[in-house]
Amino acid sequence: MGCRKNIKRLTAAERSAFVNAFLALHTSGRLEHYRLIHSGANVHGHGGPAFTAWHREFVRRFEEDLQSVDPNVDLPYWDWTEDNLNAAGTESYIWRDDFLGGPGDNAGGGGPTGPNGGYPVTSGPFAGLFTRKPFSIFAFPGTGGTIATQMANPDYNVFRQMEGPHGSAHVFIGGEPQSFAQTARTPDFWMIHCNVDRLWAEWIDRHEGTPGFEPYKPAAGGPTGHNLNDNMWPWNGGNVPFSVPPYTNSPEMVSPADLIDHRALGYDYDTLDPTCIRVVKPVVKDIRDGGGKIRLPKELKERAPKELKERLPKELKERTPKEFKEIGPKELKERAPKEFKELGPKENKDIRENPKDLREVPDFDRPFIRPELRPDLRASALGFEPDALEVDALRRRLIDR
């Protein structure tokens with residue numbers, strides 16, 4: 001299951017992998033396939049109910065192409081309703097030279113060289129490939145208030161009106177990312193529409209318990225290609241406005257009904273799905289009256305060293321993997337935090353009867369989680385890794401869901 005993250009939470013390695021995969025598609029000419037489809041999708045994927053579903057399929061197929069270059073790449077999203085700056089507000093997470101590069105460069109004077117007020121991009125990995133407006137990297141499109149209103153309404157016909165506010169992101173960037181016929185060959189487009197897809201997923205999650213809720217409509221009576229079970233161009237092999245190989249000879253029938261559940265399509269979102277951010281709950285959730293069972297998270301049950309295992313309830317003793325069985329007392333002592341080392345045999349023996357001792361051990365769970373399984377919480381403004389406080393707040397929110 002892939003995980004689509006906010007650009008703010010990408011590591012340096014994840015940024016680099018996305019850029020490299022995108023440039024590989026550009027070099028291969030594969031981006032022309034997507035540019036061509038979007039240029040003909042005016043009435044098929046825009047201005048009607050299928051805006052969300054059509055773009056979900058479009059974005060999904062592009063992500064699969066990225067993964068054909070690098071299987072570890074997941075498409076990130078840009079939440080354009082908020083700033084994209086580091087905690088100090090001094091640098092941008094998106095418009096930097098190791099990611100999307102800078103805005104259009106009008107330093108040479110003269111008029112725009114591209115559509116929609118676009119000047120050449122002269123910095124970053126996409127320099128010379130297309131144009132953008134000369135905007136401020138400390139600004140952002142906004143429209144959060146409008147989208148929040150639409151997200152709060154359980155009527156799909158109200159929610160899908162976010163197609164209008166989403167356009168503010170395209171207009172903010174300008175140049176070819178704003179051009180209907182050119183935008184799909186720029187990385188900006190895919191991050192904007194990945195966020196559109198996330199909003200639809202979150203809207204469904206928020207309202208699916210509402211009586212009579214419909215995650216998509218109409219079921220019938222709408223424009224051709226926009227009804228729930230209509231097969232959508234170009235994947236259906238249609239020839240209006242033109243046919244697109246390979247679907248011309250090998251049509252693939254895809255309808256909005258096939259696209260309601262994003263998880264069934266093989267990806268999650270970091271604001272919605274706990275699987276995206278590894279969640280480790282506290283070691284002791286509760287201790288029942290009379291020194292009852294101590295509940296440990298699954299990660300600890302499966303990885304407890306032999307010495308600890310012998311002091312745990314019966315059901316945990318039987319689940320120790322081989323690699324931890326081989327860890328002797330000396331290794332355990334050397335790897336344990338100071339507070340745990342100071343717990344003598346008597347304290348460990350009586351730990352079920354003295355839960356207070358357990359509560360006083362800070363971060364009791366951490367020594368037994370292998371480093372490669374821990375979430376990446378490094379925080380470095382200079383290195384531009386994800387902000388630790390923001391990631392921790394997100395993890396806590398997902399725990400409470």
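In this chain, numbering begins with 1 at the start of the sequence shown.
The pair Asp188-Arg132 meets the salt-bridge criterion, since a charged nitrogen lies less than 4.0 angstrom from a carboxylate oxygen. Look at Arg60 and Glu63 and you find no salt bridge, because none of the NZ, NE, NH1 or NH2 atoms lies under 4.0 Å from a carboxylate O.
Rounded to the nearest 0.5 Å, atoms CZ (Phe130) and CZ (Phe126) are 6.0 Å apart. Atom OH of Tyr156 sits about 11.5 Å away from atom CD of Glu214, to the nearest 0.5 Å. Distance check, rounded to the nearest 0.5 Å: CZ of Arg263 to OG1 of Thr275 gives 8.0 Å. The CD atom of Glu163 sits 6.5 Å away from atom NE2 of His166, with the distance rounded to the nearest 0.5 Å. The line from CG of Leu25 to CG of Asp65 is 5.5 Å long, rounded to the nearest 0.5 Å. Rounding to the nearest 0.5 Å places CD1 of Ile192 at 10.5 Å from NE2 of His55.
Separation of the His46 and His38 ring centroids falls under the 6.0 Å cut-off.
Remark: Arg4 qualifies as a cation-pi partner of Tyr267 under the 6.0 Å distance and 45° angle criteria applied to the six-membered ring.
Summarising the geometry of Phe22 relative to Trp190, their closest heavy-atom pair is CE1-CD1, 3.8 Å, with the distance given to 0.1 Å. Across all non-hydrogen atoms, the minimal contact from Ser243 to Thr248 is CB-OG1, 3.5 Å. The two residues Ala184 and Leu31 come nearest to each other via the heavy atoms O-CD2, 4.5 Å. For the pair His226 and Tyr216, the tightest heavy-atom approach, listed with the atom from each and the gap, is O-OH, 2.5 Å. Looking at every heavy atom in both residues, Pro141 comes nearest to Trp78 through CD-CZ2, 3.8 Å. Closest approach of Leu75 and Cys194 over heavy atoms only: O-SG, 3.7 Å.
Residues that satisfy the side chain to side chain donor-acceptor pair (under 3.5 Å) test with His26, not counting sequence neighbours, are absent from this structure. Take Arg56 and apply the salt bridge (charged side-chain N to carboxylate O under 4.0 Å, His left out) test, not counting sequence neighbours, and it matches Asp197.
Aromatic ring orientation, Tyr247 versus Trp235: perpendicular (interplanar angle above 60°, classes split at 30° and 60°). Below 30°, between 30° and 60°, or above 60°: for Phe62 and Tyr34 the angle between ring planes is above 60°, a perpendicular geometry. Aromatic ring pairs are classed by plane angle as parallel below 30°, tilted from 30° to 60° and perpendicular above 60°; the pair Phe189 and His193 is tilted. Between His262 and Tyr269, the ring planes are tilted. Angles from 30° to 60° get that label.
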Are Glu202 and Thr271 close enough, and set up right, to give a side-chain hydrogen bond (donor to acceptor under 3.5 Å, both in side chains), and what steps lead you there?
CA-CA 8 Å; Glu202 291 200 4; Thr271 56; 2.2 Å; yes
For the pair Glu64 and Arg61, evaluate salt bridge (charged side-chain N to carboxylate O under 4.0 Å, His left out) and give the outcome as yes or no after the intermediate values.
CA-CA 5 Å; Glu64 288 182 345; Arg61 289 174 181 256; over 6 Å; no
Can you list the steps and then say if Thr81 with Ile147 is a side-chain contact (heavy atoms from CB on, under 4.5 Å)?
CA-CA 9 Å; Thr81 68; Ile147 290 178; 4.0 Å; yes
Ile260 vs Ile204, test: side-chain contact (heavy atoms from CB on, under 4.5 Å). Steps then yes/no.
CA-CA 9 Å; Ile260 301 299; Ile204 291 173; 4.2 Å; yes
Begin from the C-alpha positions of Trp95 and Phe135 and carry the test ring-ring contact (aromatic ring centres under 6.0 Å, His included) through to its verdict.
CA-CA 10 Å; Trp95 311 117; Phe135 53 81; 4.9 Å; yes
Hey, mind stepping through Arg185 and Glu32 against salt bridge (charged side-chain N to carboxylate O under 4.0 Å, His left out) and telling me if it holds?
CA-CA 7 Å; Arg185 71 182 189 89; Glu32 178 63 16; over 6 Å; no
Go through the steps for Phe140 and Phe172 under the test ring-ring contact (aromatic ring centres under 6.0 Å, His included), then give the verdict.
CA-CA 8 Å; Phe140 62 101; Phe172 174 83; 8.2 Å; no
Evaluation steps, side-chain contact (heavy atoms from CB on, under 4.5 Å), between Arg160 and Trp200:
CA-CA 8 Å; Arg160 73 176 181 84; Trp200 188 25; over 6 Å; no
Run Ser255 and Asp230 through side-chain contact (heavy atoms from CB on, under 4.5 Å) and show every step you take.
CA-CA 5 Å; Ser255 70; Asp230 285 357; 5.7 Å; no
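A side-chain donor-acceptor contact under 3.5 Å links Glu176 to the backbone of Thr131. In this structure a side-chain-to-backbone donor-acceptor pair under 3.5 Å is present from Ser168 to Pro165. Under a 3.5 Å cut-off, the side chain of Ser39 and the backbone N or O of Leu36 do form a donor-acceptor pair. Using modelled atom types, no side-chain atom of Thr143 and backbone atom of Thr146 make a donor-acceptor pair closer than 3.5 Å. Between the side chain of Ser16 and the main chain of Ala12, no donor-acceptor pair closer than 3.5 Å is present. Side-chain atoms of Lys133 come within 3.5 Å of backbone N or O of Val171 as a donor-acceptor pair. A donor-acceptor contact shorter than 3.5 Å links the side chain of Asn86 to the backbone of Thr90. Counting only distance, with no hydrogens or angles, the side chain of Asn227 and the backbone of Gly221 share a donor-acceptor pair below 3.5 Å. Panel note: side chain His170, backbone Pro177; a donor-acceptor pair is recorded below 3.5 Å.
Checked against Asp270 for a salt bridge (Lys or Arg N to Asp or Glu O under 4.0 Å), the options Lys8, Arg9, Lys5 give a single hit: Arg9. Checked options Asp268, Asp79, Asp273; the residue passing with Arg198 is Asp79 (criterion: salt bridge (Lys or Arg N to Asp or Glu O under 4.0 Å)).
Under the 4.5 Å side-chain criterion, counting only non-hydrogen atoms from C-beta, Val158 is not in contact with Met151. At least one side-chain heavy atom of Phe51 sits less than 4.5 Å from a side-chain heavy atom of Met162. Residues Phe138 and Asp83 are not in side-chain contact: their nearest non-hydrogen atoms beyond the backbone lie 4.5 Å or more apart. At least one side-chain heavy atom of Val73 sits less than 4.5 Å from a side-chain heavy atom of Asp70. Between Trp233 and Pro241 there is a side-chain heavy-atom pair separated by less than 4.5 Å. You'll find the side chain of Asp105 stays beyond 4.5 Å of the side chain of Val121, heavy atoms only. Side-chain contact between Phe213 and Pro215 is present, with at least one heavy-atom pair separated by less than 4.5 Å. Proximity of Glu57 to Asp258: side-chain heavy atoms (C-beta onward) are nowhere separated by under 4.5 Å.
For the residue pair Thr149/Asn153, the side-chain donor-acceptor check at 3.5 Å is not satisfied. Residues Asn84 and Ser92 have side chains that bring a donor and an acceptor to within less than 3.5 angstrom of each other.
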